[in-house]
Amino acid sequence: MRLHRNLVYTTIDALNAIFNEGEYADKVVARSLKKDKRWGSSDRKFVAETIYEVVRWKRLYSEIADVKEPYNREDLWRMFAVWAVLRGYPIPDWRQLEGTPERKIKGKFDELSKIRKMRESIPDWMDEIGVQELGEELWTKEIAAQNQQAKVILRVNTLKTTKEKLRALLMDLNIETEFLKDQPDALVLTERANVFLTDAFKEGMFEVQDASSQLVARFLDVQPGMRVVDTCAGAGGKTLHMASLMENKGQLIAMDLYESKLKQLKLRAKRNGAFNIEYRIIDTTKVIKKLHEKADRVLIDAPCSGLGVLKRNPDAKWKLQPEFIDNIRKVQAEVLENYSKIVKPGGKLVYATCSVLPSENQEQIKKFLSTEIGKSFTFVKDSKILASQSGFDGFYMALLERKQ
């Protein structure tokens, strides 16, 4: 187990782009992995995982290394040295790592691990809001779970294949998967692998989608032949799941504010063989008004803080600001009020977020049901998924029915 100079240099460059130039970790990692064609899978794994690890533990490592933002190159090397010592790597005699105080690093780690916001490496405000909304005990468990590495979950595209066939196909490529109890479309990878390079992916037999996210489309109870509207479709993971549950029958309208996201969805839909999808950009209020009381089912996958998916997006811990959460709650209330009007009498609506905060979830629904439009809906059921209990992303979904 030793450190290789070119892999570590790439890691340092990537951390500089994420911490100092405000780039998104996933984009930087994708770019870094293309740097050297000679790298094998273990080299790429080292680069990707090390970048994510240092991003995830940024606050803890910078505290141990005694460095402050903005980080210069020397600071980044010191943070990397902390990572290497705590992971048990022998420190090589490179100029940048000279004088790494190994004993001091371990001692400081033990000391800081007694303080939750340091141990879990989160900003003060996030720790405060977590305790305030979930309580000390539950937040402690939840934020610890959010710092675990996310599992890779596939959603089988039933328009093209079955779970059993896909599992056998992947097995031939030495990619082992397991079924997930109560999740008819999910396969969990037993070991991480780049599934995007497989022919099965290129032929649209599956998408990568977390287990919690896969529950949303079924929660909405979509059926073949219905008119279904996905109001915040984005790049369309849930849209594609609904298309497969509808067996390509009926009309599925995917809407979003951003044309670029819908373009991405179009490409994915083509690969998936999903052809009952229509695309509409929400560029005026007319787009929504035209659909008032027209849909059997409406999904509002609302914009949110993303505090349920930090294991997947560790850099969000540092990009999120408390003001953003205050603003997003207002947006959620508006979206619920405006988009719920699309549901026809007797139709159903699901409001979903990838947040674990009650103020973005149960409280939004409670508030909505007391509004003028909300009074025409009945609360059916909701589901609160915590990473600490499920092992997957934190999610919330509420099912409402419009009165006849």
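Sequential numbering from 1 along the given sequence is applied to the chain's residues.
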Donor-acceptor pair, [X] side chain versus [Y] backbone, under 3.5 Å?
X      : Y      : result
Gln183 : Phe179 : no
Gln146 : Pro314 : no
Arg268 : Ala235 : yes
Thr231 : Leu299 : yes
Ser376 : Lys403 : no
Lys319 : Glu23  : yes
Lys202 : Leu197 : yes
Asp256 : Leu262 : no
Lys108 : Glu63  : yes
Lys317 : Ser121 : yes

[X] vs [Y] side-chain heavy atoms within contact, under 4.5 Å:
X      : Y      : answer
Leu215 : Phe395 : no
Lys384 : Gln389 : no
Lys238 : Ser213 : yes
Leu60  : Phe109 : yes
Asp221 : Val350 : no
Leu154 : Phe201 : no

Can you confirm whether more than 12 heavy atoms, excluding those of [X], are under 6.0 Å from its [atom1] atom?
X      : atom1 : result
Glu191 : CD    : no
Lys45  : NZ    : no
Lys160 : NZ    : yes
Tyr258 : OH    : no
Arg87  : CZ    : yes
Glu21  : CD    : yes
Glu102 : CD    : yes

Whether [Y] and [X] form a salt bridge (side-chain N of Lys/Arg under 4.0 Å from carboxylate O of Asp/Glu) is what I want to check.
X      : Y      : answer
Arg271 : Glu207 : yes
Asp124 : Arg59  : yes
Arg329 : Glu133 : yes
Arg402 : Glu293 : yes
Arg312 : Asp393 : yes
Glu74  : Arg78  : no

* Asked: Hey, what's the ring geometry for Phe80 with Trp77, parallel, tilted or perpendicular (30° and 60° as the breaks)?
  -> perpendicular
Is a side-chain donor-acceptor pair under 3.5 Å present for [Y] with [X]?
X      : Y      : result
Ser388 : Glu142 : yes
Ser305 : Glu360 : yes
Asp315 : Tyr24  : no
Trp139 : Asp127 : yes
His241 : Asp185 : yes

* Between Phe368 and Tyr351, ring centroids under 6.0 Å ->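 Phe368 vs Tyr351: aromatic centres not under 6.0 Å.
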* Centroid-to-centroid, Trp83 to Phe46, below 6.0 Å? ->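 Centroid distance Trp83-Phe46: below 6.0 Å, so yes.
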* Only one of Leu76, Asn16, Leu15 passes side-chain contact (heavy atoms from CB on, under 4.5 Å) with Tyr71; say which it is. =>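 The residue from Leu76, Asn16, Leu15 that satisfies side-chain contact (heavy atoms from CB on, under 4.5 Å) with Tyr71 turns out to be Leu76.
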* Stepwise side-chain hydrogen bond (donor to acceptor under 3.5 Å, both in side chains) check, Gln96 with Tyr9 -> CA-CA 11 Å; Gln96 296 93 333; Tyr9 277 29; 2.9 Å; yes
* To do: Apply salt bridge (charged side-chain N to carboxylate O under 4.0 Å, His left out) to Glu334 and Lys330, showing your working.
  => CA-CA 6 Å; Glu334 283 165 20; Lys330 292 181 191 118; over 6 Å; no
* Option from Lys348, Lys344, Arg227 for which side chain to side chain donor-acceptor pair (under 3.5 Å) with Asp296 holds -> Lys344
* Output, in order, the C-alpha distance, side-chain angles, deciding distance and verdict of salt bridge (charged side-chain N to carboxylate O under 4.0 Å, His left out) for Asp36 and Arg44. => CA-CA 9 Å; Asp36 193 329; Arg44 284 198 296 273; over 6 Å; no
* Asked: Within 45 degrees of the axis of the six-membered ring of Phe219 and under 6.0 Å from its centre: does Lys381 put its NZ or CZ there?
  -> yes
